[in-house]
Amino acid sequence: MGTRDMDRAWHSATDGTQQFDVDVLVLGGGPAGAWAAVSARARGASVVLADKGYCGTSGATAPSGTGVWYVPPGTEAREQAKASRFAMGGQLAEHVWMDRVLEQTWKNVEQLAEWGYPFPVDAEGQQQRTSLQGPEYMRLMRKRVKESGARILDHSPALELLVSASGAVQGARGVNRQTGDSWVVRAGAVVMATGGCAFLSRALGCNVLTGEGLLMAAEAGAELSGMEFSNAYGLGPAFSSITKSLFYNWATFYHADGTELEGAGSARGRSIIAKTLQTEQVLARLDRADGQIRAWMRTAQPNFFLSFDRRGIDPFTQHFPVTLRLEGTVRGTGGLRIEDSSCATNVPGLYAAGDAATRELICGGFTGGGSHNAAWALSSGFWAGAGAADFSRQQSGGHSLHKQHLLYAGRNGLRTAGHTRWDAEEVIRAVQAEVFPYERNWTRSQDLLQDSLVRLDALWERLQHSAPAAGATDSVRSREALGMLATSRWMYRSALARSETRGMARRADHQALDPGQQHRLVAGGLDAVWVRSEGVAA
């Protein structure tokens, strides 16, 4: 149970305005959570899905178009698909997992077509299934979750997990953000599909992705992996939340004085832009797109142009300022470490899916928006839902969990011994000050990592002796702040331990790849963060 057992409160059968007893609880209503709910129901499990927002409209996928790692069966095509990312990710991916995801993605996309997803067709009338439009995709997934018989709790963020005396995860407690009512779900197993952590950087769809799912899991003893691969920044207009970067392949970048920024359109372009942004504004113009490409862009990503149209800017002929927004583990690969093909974590009864889980198994140390992440979400969600359903059935033996004695796993921001309350907004700003700067996080160095960790660790220690939040709204915000703080400490401790440049983990003081570090880094702990290495399966 860990060193904090004495701080945990016993769950009472009278706790919660709303109470549910089910086989599987899914936390998160993005694509991974939706697939998990549908998959668990297909196994005959009773399911509650609790979403921090409105299932079908919240999260990084819902407002965006996303590519999918969808490759037809056939040795040559799939081998090429694997090889193209294996080296880029620092050779930390595993071919068995890549094969599994490619196959499951193929099947699930076929299922989407049968459910009626409106895939576009080419000139020969063949459906093009390599991308999904978030609004249509998630509208369909919400419909399928409801039709499966799962119950959806919208606007209902979880605050903490419930654990048994033996340490197994058996439910969660949360609140309804609209009514202030509390809810308790006792479950035979829980799927954590709460997404990654983008540190409230204002990237599109990421305002609900603040890392408290990772925090809740760690409070129950879960381990994380790949947290050093968390310095993903999305390129976008300085005045917009849109960080879809495909269209910048047709851009020219400029200094603030209008002269061209040399090398910004090359393979090292993002690093050049990040370095330049430290001292001056960077401008862009999509002046390399011809008329046909421009028309295609408008059709492919109409929301990309909304902010331009509102400001009367023609991005094809006029300069506009750009920025890099931190997307952390959303476009990174780090997350909860999974132990087997069912996406189980090291904690009994807890499963992980989507961006809440590590994607190293298929991406190694590098990924991006959509593509592999989208394929991982629908595949891992499918497996985690089935695994959680099977685990619940094996453990319960058909008996209700209602009478079992359970403990609340949470502590920070919920039940601490101090009397002085802390300001969640102040904590959020303090974390952002350490993780947003390009000179600290885009390319890292030992001295700046250690410098940031001194302040982050001290902040964590101070919050241990403060009073819990007052009321439902304050509790949610406090847990978001703590999720961001915990995530920053895991990722910077892991970054310190990887003294090389591999994948997106860039070190200014160790710029070469070290063949001796072709291993994963597993992290955990709350008060004292630890990191250990783990071999990669051949």
Exercise. Are T345 and E223 close enough, and set up right, to give a side-chain contact (heavy atoms from CB on, under 4.5 Å), and what steps lead you there?
Worked result: CA-CA 8 Å; T345 70; E223 299 174 342; over 6 Å; no
Between [X] (side chain only) and [Y] (backbone N and O only), is there a donor and an acceptor less than 3.5 Å apart?
| X | Y | value |
| --- | --- | --- |
| S240 | P237 | no |
| E280 | T276 | no |
| D509 | S445 | no |
| S380 | G354 | yes |
| N441 | F436 | no |
| S478 | D474 | yes |
| E534 | V522 | no |
| S230 | T329 | no |
| D51 | S58 | no |
| R489 | D527 | yes |

Note: [X]-[Y] ion pair, threshold 4.0 Å (strictly below):
| X | Y | value |
| --- | --- | --- |
| R337 | E339 | yes |
| E228 | R444 | no |
| E425 | R477 | yes |
| R520 | E94 | yes |

Checking [Y] against [X]: is there a side-chain donor and acceptor pair closer than 3.5 Å?
| X | Y | value |
| --- | --- | --- |
| T66 | S64 | no |
| S488 | E434 | no |
| S225 | E360 | yes |
| E260 | T252 | no |

Minimum heavy-atom distance between [X] and [Y], given as atom pair plus value:
| X | Y | value |
| --- | --- | --- |
| S156 | N176 | OG-ND2, 3.7 Å |
| P63 | N303 | O-ND2, 2.9 Å |
| W183 | A172 | CZ3-O, 3.6 Å |
| R177 | P157 | CG-CD, 3.3 Å |
| G221 | V347 | C-CG2, 3.5 Å |
| F86 | A93 | CE1-O, 3.4 Å |

Problem set entry | Inter- and intrachain pairs under ring pair (Phe, Tyr, Trp, His ring centres under 6.0 Å), touching residues 190-236, at least two apart | Y233-Y438, Y233-W442
Seminar exercise, completed: So the ring pair (Phe, Tyr, Trp, His ring centres under 6.0 Å) pairs with at least one residue in residues 471-525 (sequence neighbours excluded) are none
Is there a side-chain contact between [X] and [Y] in this structure, where contact means two heavy atoms from C-beta onward sitting under 4.5 Å apart?
| X | Y | value |
| --- | --- | --- |
| L496 | L453 | yes |
| Q518 | P515 | no |
| T210 | L200 | yes |
| V190 | L162 | no |
| L224 | T358 | no |
| D451 | D447 | no |
| L521 | S533 | yes |
| D457 | R493 | yes |

Exercise. For E439, which residues count as a salt bridge (charged side-chain N to carboxylate O under 4.0 Å, His left out) partner, sequence neighbours excluded?
Worked result: none
Nearest 0.5 Å please: distance from the [atom1] atom of [X] over to the [atom2] atom of [Y].
| X | Y | atom1 | atom2 | result |
| --- | --- | --- | --- | --- |
| I362 | M98 | CD1 | CE | 8.5 Å |
| L482 | I428 | CG | CD1 | 9.5 Å |
| L153 | L49 | CG | CG | 8.0 Å |
| M484 | L209 | CE | CG | 11.5 Å |
| L407 | L161 | CG | CG | 12.0 Å |
| S379 | W69 | OG | CH2 | 9.5 Å |

Exercise. Would you say R532 has more than 12 foreign heavy atoms packed within less than 6.0 Å of its CZ?
Worked result: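 Yes.
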Exercise. Do other residues, nucleotides or ligands put more than 12 heavy atoms under 6.0 Å from the CZ atom of R440?
Worked result: yes
For this session: Could you give me the CA-CA distance, side-chain angles and deciding distance for L215 and L526, then say whether side-chain contact (heavy atoms from CB on, under 4.5 Å) is met?
Result: CA-CA 8 Å; L215 172 65; L526 293 166; 3.9 Å; yes
Seminar exercise, completed: For residues 458-467, the salt bridge (Lys or Arg N to Asp or Glu O under 4.0 Å) pairs (sequence neighbours left out) are E426-R462
For this session: Using the salt bridge (Lys or Arg N to Asp or Glu O under 4.0 Å) rule, collect all pairs that involve residues 347-357, keeping only residues at least two apart or in two chains.
Result: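 Those involving residues 347-357 are D355-R359.
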For this session: Check the pair Y254 / V322 against side-chain contact (heavy atoms from CB on, under 4.5 Å), numbers first and verdict last.
Result: CA-CA 10 Å; Y254 301 88; V322 295; over 6 Å; no
Exercise. When L214 is tested against each of M192, M227, E219 for side-chain contact (heavy atoms from CB on, under 4.5 Å), which residue passes?
Worked result: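 Of the listed residues M192, M227, E219, the side-chain contact (heavy atoms from CB on, under 4.5 Å) partner of L214 is M227.
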Exercise. For F239, which residues count as a ring pair (Phe, Tyr, Trp, His ring centres under 6.0 Å) partner, sequence neighbours excluded?
Worked result: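 Partners of F239 by the ring pair (Phe, Tyr, Trp, His ring centres under 6.0 Å) criterion, ordered by chain and then number, come out as F308.
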For this session: Identify the residue among Q517, Q446, R507 that makes a side-chain hydrogen bond (donor to acceptor under 3.5 Å, both in side chains) with S499.
Result: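 With S499 as partner, side-chain hydrogen bond (donor to acceptor under 3.5 Å, both in side chains) holds for just one option, Q517.
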Exercise. Given T194 and E212, is the side-chain contact (heavy atoms from CB on, under 4.5 Å) satisfied, shown in steps?
Worked result: CA-CA 8 Å; T194 50; E212 67 269 32; over 6 Å; no
